[in-house]
Every structure is written in structure tokens, then in C-alpha cells.
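Chain letters run A, B, ... following the sequence lines, proteins first, then strands; residues in each count from 1.
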2 protein chains.
Amino acid sequence: MLPALLQTLGTSRIKGAWFTRYWKGLRAVYGENAPPSWARLPGARCRAVEHLTKLEGLQEFEILAGLEEGFFQALAIASEVLEIGAGTALYREGEPSGAVYFMREGRAKLYRSSSGQGPGKARDQILGVVGDGSVLGLASALEGKPQSQGATALTDCVLYAVFRDELVNLMASYPGASLSLARALAARTRELEDLVGDLVFHSAPQRVARMLLDLATEEGRVTKRGVVFQPSLSRQEMAEATGISREALSRSLSRLAQEEILDLTGGKTITILKPAELRART
Amino acid sequence: MLPALLQTLGTSRIKGAWFTRYWKGLRAVYGENAPPSWARLPGARCRAVEHLTKLEGLQEFEILAGLEEGFFQALAIASEVLEIGAGTALYREGEPSGAVYFMREGRAKLYRSSSGQGPGKARDQILGVVGDGSVLGLASALEGKPQSQGATALTDCVLYAVFRDELVNLMASYPGASLSLARALAARTRELEDLVGDLVFHSAPQRVARMLLDLATEEGRVTKRGVVFQPSLSRQEMAEATGISREALSRSLSRLAQEEILDLTGGKTITILKPAELRART
DNA sequence: GACGGTTTTTGATCTACATCACATTGGAAT
DNA sequence: ATTCCAATGTGATGTAGATCAAAAACCGTC
């Protein structure tokens, strides 16, 4: 591979070179040695927690189940407990990857922004909504590249934050941990593939139906009338998760309400009256 | 989380439950213990290769660079050298994950199919085109789930095949290997995120331009007239990679040729006459 | 309660792209 | 060459969903 080729095409063989540009921009803001990500989170409180409490908390993570005692001890020492309020950005796209976060409690959205020209024109695409027990920022941390996605808390969250380098060191010492975290990454690739498939193969109403079912699965509870839930996503965000415009989402929902598949009259709460019917629309 | 909820919604909290259905179908065909994937590849030749040769070959993989001698020894013992012809399906979506493949030589496409009703209606979406030095089927192998994607050789390929379980064992013994492979997975998630971003943020002509640049970066060479290459993808496949219809792709290309950005008169070869201009269309 | 601002809904229009139908090309087989 | 078949190109048409514009609902504040 000749450098001439890359120069002529203006591309780079290393995928995501695009981010490097971003990163350079951010280095200008944050300086060469970026401060630990959470040190500059506006809504964050870094809580001092006893070692034993941290240890117990970490051992509850399903993805870490079965790992050696020594690993948990080390991870507890390396991690800080972090509390952030709903709406706080945990990290932004293009920012240097400083830490990895284990979500103990709360929900967050992972998203990507279009570098859309002109202010007010930028669009977001939600890549996933994650809850208790997930790992955030792992991929970028392993690659040692800037964040490929943004993460924002949808509800108040409690997280364990671990510095990138410390996690990598831990992974190098505890093979089981690497394997578990690799599995977590594998699960994310599958979810992303699902997303791609959904986007290209299904129509907007179908995607809306699926999105509702997914949300309800995570956030709903069964009642006599159907499945009731208060979505953690605004309509705008639902549209971003579905990959359509806010207006189109609104119309889809109205349509489903009109057909008495949904009940939207409850203010912020949504009731799925006919789950089977909704599923059939997938 | 109540089972009642899952049952009412007809969903599953475990993402990708969909594949389990596929898998069950395939078990009916292949039986409970599926034969090693490559044993039933029609166009495959399993070549007996000396240990030392395998060892050297494996050590050339960039993603494995710097790992311990012992790991390479073990991997060489565990792996088989496989040759498959252009067009051979390495594995299919939904098939039980039997092995992981290290691509030594050749190019392959990773894709997902729509479960489109009715024959002749099924569509494919190409998730990526990979070349020398890539790992195929790793994510599904780690998850221990059926393949979430299909892989088909675009050119004749030489691969090292390793049984799923053997690779997992190796990873558990050599932490460095887990870490390296986790990095490979991280890179794939980034590429998938790029794909999602591309699909939702950019128009068809923009995606075509990017696809051409990406292909040319991998397969092109610089000449006086511009960058020349023989795409490993057919027009149909280019369309699938871009997420548009074959007709739309054709029109896009014609348009670019008309504007003298491309030269398509060379039969199967494409010449990018004005790389900068093409890049500007991104 | 009335008020201002944000978020959501509804309506009307416009367009990019899919789809269908058919023409053309190009390459393998003979 | 000639024939055949698959792959590709082009033209005409329809439509899903974006976009623009404006009304309506919601929400906190006074």
C-alpha cells in the first residue's frame, strides 16, 4: 500500500481517521494530557465509598460473574464511584477516552452526532440505550482512540469509573477479565448489527413498533389494561433511536393510538394495549 | 423483571433471541453436534501444512503482534490452513458458530440478510469488506451464539481456522491474546458505528462516493490518469454495501462518469479521475 | 388563574429513492 | 462468429418519509 494512494484519495487505511481530526481539535481545548473525564463533569459527584462496599457492588455485575477474587480487589481499588444526574453527558464523541464506566444503576443513551453543517442542523442517532450492568466506553478505551460515540445519562446514574490504563493493565493480568469484557464487546457488535439490519430492512412504522417493544421490555410492567411504562426517552430521542424525524415518530404513535394499540392519554406514560398486535407490526 | 412482561410483549431481554430460532432450524438440518464448519464447505480445501510454516504465517498477523511465543505455538497446533475459492460462503447467518477464521490472504464480505418474505425478495446488507489480517466470526464465537452475519469469499482466500472452544481456551490462558482480540472487536464496533452513521446521516450519492473511496483505498493504485482499481464487489454488491438499490447505484455511477469524476469505460476497471472532487461529494 | 417557553402534534407540500419494466452489454460456451 | 444468460444500465412512475409551517398541549412561574 503506497502512501501516494492514501494521499491521492484523501482517505486513510486506518478506519475512523475522521476521529483523529476531532481529537486534535479537542486536544487544543483540553491540552495534551486530558484530565480524568469525570473531573470535568458538571453534574457529577465523586463519592468516597468504602473498599468493601465497592467490592460488593462490583461483584454484582453479571458480565464479571465468576472472575477471581483478586481481580475484584484490584478493580475496587482502581475504581471510583460516580453519581451523575439525569441529562449529564458522561462523555462526548471525539473526546479522548479517559475512562471506562460500569453502570451500577440508571439508564444512559449512546449516540452519534452528524457533523451537520450549520448550527441547529446537527442530528443525532441513538446507537443504544443501556441500563444496569452495562459497560460504557470500553471499545474506545481498548483502541486507545477518541470516543466513537457520546453517552448521556437519561436518569440519575451511579457508576464505577476506572481509568483506561488501569483497566487495560488489569485485563493483561487477569485473562478471565479480558475474556468477559471481550464477550461484552461481542454483544455490542451484535446489537449494532441488529441496528443496521433494522435500519435498512424495515420501514419506519416497523422500527417504531420494535422500539416501543424494546423500551417496554426494559421499563414496563404488566397491568390489566396492558403494559404500562414511562419511557426514559423523549419523543425527540425516540425518533433518534428509530432513525426517523420527530414528526414521523409522532404520526406513527398517533396512528397506533388511533388503532387502539397504544394509549397515549396518560401524559408521559404509554400503555401498550395490544402487545401482540404491536409485535405483528414489526 | 417479570417473566410475565417478556411473555406479554413477546420479546426477550436477551438481545438476538431471534437467532436462537434460526439456530433451532439449523440444528434440525445439521444435528445437535454440527460438524466443523469447514468440513461442509463445498469449495474448501483443507491443506496439510507444516507446523513451522503455520507458525510463521500466524506471526505475521498484525493484530497478534507482540504476543508470546507459547501462544503462537499453541495456535499453530490448534489451527488448520484452509483454502476457499471466490464465491464460497465461509459461514452463513444463523449457523452455529463452529470456528474463528484468521484471514491470511484474500477478501471477503460480511453481510446480513433480511428475512424477507417470499423468494427473490430477500435483500442483503453488506456490513463490511475485510482483507488480509482480519479475524472473522470472532464475536459470535465468544458469545457462543449462532453467527450474527454471513461471510462469503470475494476472492480466493487462504485462512487459518481455529475451533471456537480451542480459541476460547487459548484466550483464557494467554491474557495478551484476549486483549488483542478484544481490540479487534473494538475496531469492528467502531466500523459498525461508522456504518450506522453513514446510513442515517448521508444521502445515497454521498454514500456511493465514500464506498468508492474506501474500495479504492484498499484495492487501487495510483496512475497518471488517477486511481485505478478492479472492484472486488459487483454492482449488486456495491449497492448492498451502500444500502441502496442496484438501479440507484448504477445511476450514481453514471452521473459521476458523466461529470468526468470517474471513468467507467474500462470494462470491469474503475478509474477515479478526480479523487478530490469525489471526496468533496462525501 | 394568566403568561411565556418548550415540546409535541397536525397539516400540506416536496423530493429522493424504490420499484417496475425494459433495453443493453459483456462474457462464457459452442 | 453466434448464441445465450447473467449482469448492468436507463426510463417512467409511485410513495414513504423529510421538511416546512403553524396550531396545540404541556409545564413551570408569577
Side-chain angles (χ1 to χ4, degrees), chain A residues 86-87 114 116-118 120-125 154 198-212 230-259 262-270 281, chain B residues 85-87 109 114 116-118 120-126 152 154 198-212 230-259 262-270 281:
Chain A
S114 78
Q117 326 300 354
K121 273 296 180 183
R123 277 174 55 206
D124 282 353
Q125 168 67 37
L154 294 170
D198 210 27
L199 285 172
V200 301
F201 296 139
H202 301 307
S203 67
Q206 290 176 312
R207 305 206 299 267
V208 170
R210 167 164 304 287
M211 182 268 300
L212 286 171
Q230 290 222 1
S232 61
L233 300 177
S234 68
R235 298 300 151 105
Q236 174 71 52
E237 287 168 325
M238 285 189 196
E240 287 167 8
T242 318
I244 60 179
S245 68
R246 191 174 43 74
E247 292 94 323
L249 176 97
S250 200
R251 272 183 257 273
S252 271
L253 289 184
S254 307
R255 184 120 219 282
L256 290 170
Q258 194 185 315
E259 302 182 59
L262 295 184
D263 179 6
L264 301 172
T265 55
K268 279 206 180 320
T269 80
I270 295 181
R281 301 295 173 93
Chain B
K109 61 171 177 179
S114 78
Q117 326 300 356
K121 273 294 181 185
R123 276 174 54 206
D124 282 354
Q125 168 67 37
I126 291 186
T152 296
L154 293 169
D198 210 28
L199 285 173
V200 300
F201 296 139
H202 301 307
S203 68
Q206 290 176 312
R207 304 206 300 267
V208 170
R210 167 164 304 287
M211 182 266 301
L212 286 172
Q230 291 223 358
S232 60
L233 299 176
S234 68
R235 300 297 152 106
Q236 174 70 52
E237 287 167 325
M238 286 188 196
E240 286 166 8
T242 318
I244 61 178
S245 68
R246 188 182 48 76
E247 292 93 326
L249 176 98
S250 202
R251 272 183 258 272
S252 272
L253 289 184
S254 307
R255 185 121 217 283
L256 290 169
Q258 194 185 317
E259 302 182 59
L262 295 184
D263 179 6
L264 301 171
T265 55
K268 279 208 180 319
T269 81
I270 295 180
R281 302 297 174 94

Check: A:Q125 main-chain N/O paired with A:E240 side-chain donor or acceptor under 3.5 Å: no
Helical bend (five base pairs per end, nearest 10°) for the helix from C:dG1-D:dC30 to C:dT30-D:dA1: 40°
To the nearest angstrom, how far is B:L264 atom CG from D:dT8 atom P? 12 Å
When you compare the side chain of B:I270 with that of B:D263, does any pair of heavy atoms fall below 4.5 Å? no
Main-chain N/O of B:S114 paired to B:R123 side chain as donor or acceptor, under 3.5 Å: no
Taking atom P of D:dG17 as reference, at what distance in whole Å does atom CD1 of A:I244 sit? 8 Å
Contacts to DNA chain D from residues 201-208 of chain A, heavy-atom cutoff under 4.0 Å, which residues? A:S203, A:A204, A:P205
Closest to the 5' end of DNA chain D, once B:Q236 and A:G243 are matched to their nearest nucleotides, is B:Q236
Which pair of heavy atoms, one from B:G243 and one from B:L199, lies closest together, and at what distance? CA-CD2, 4.4 Å
Quick one: B:L199 CG to C:dA18 P, roughly how many Å, whole number? 12 Å
Whether the side chain of A:S254 engages the backbone of A:S250 through a donor-acceptor N/O pair (distance < 3.5 Å, no angle test) should be reported. yes
So A:L253 and A:L212, do their side chains get closer than 4.5 Å, heavy atoms only? yes
Do A:I244 and A:M211 have side chains that approach each other closer than 4.5 Å (heavy atoms only, starting at C-beta)? no
Take atom CZ of A:R235 and atom P of D:dA24, then tell me their distance rounded to the nearest Å. 19 Å
Nearest-angstrom distance from the residue atom CD of B:Q230 to P of C:dG27: 10 Å
Has A:R207 got a side-chain atom pairing as donor or acceptor with A:H202's backbone, closer than 3.5 angstrom? yes
Is there a residue in residues 247-258 of chain A whose heavy atoms reach under 4.0 Å of DNA chain D, and which residues are they? A:E247, A:A248, A:R251
Spatial distance of atom CD (B:E237) from atom OG (B:S232) [nearest 0.5 Å]: 7.5 Å
Atom CZ of B:R123 and atom P of C:dA18 are separated, to the nearest Å, by 7 Å
Check: A:P205 and A:R255 side chains under 4.5 Å, non-hydrogen atoms: no
Would you call A:R251 and A:E247 a salt bridge, using N to O less than 4.0 angstrom? no
Distance check needed: D:dA25 P versus A:K268 NZ, whole Å only. 16 Å
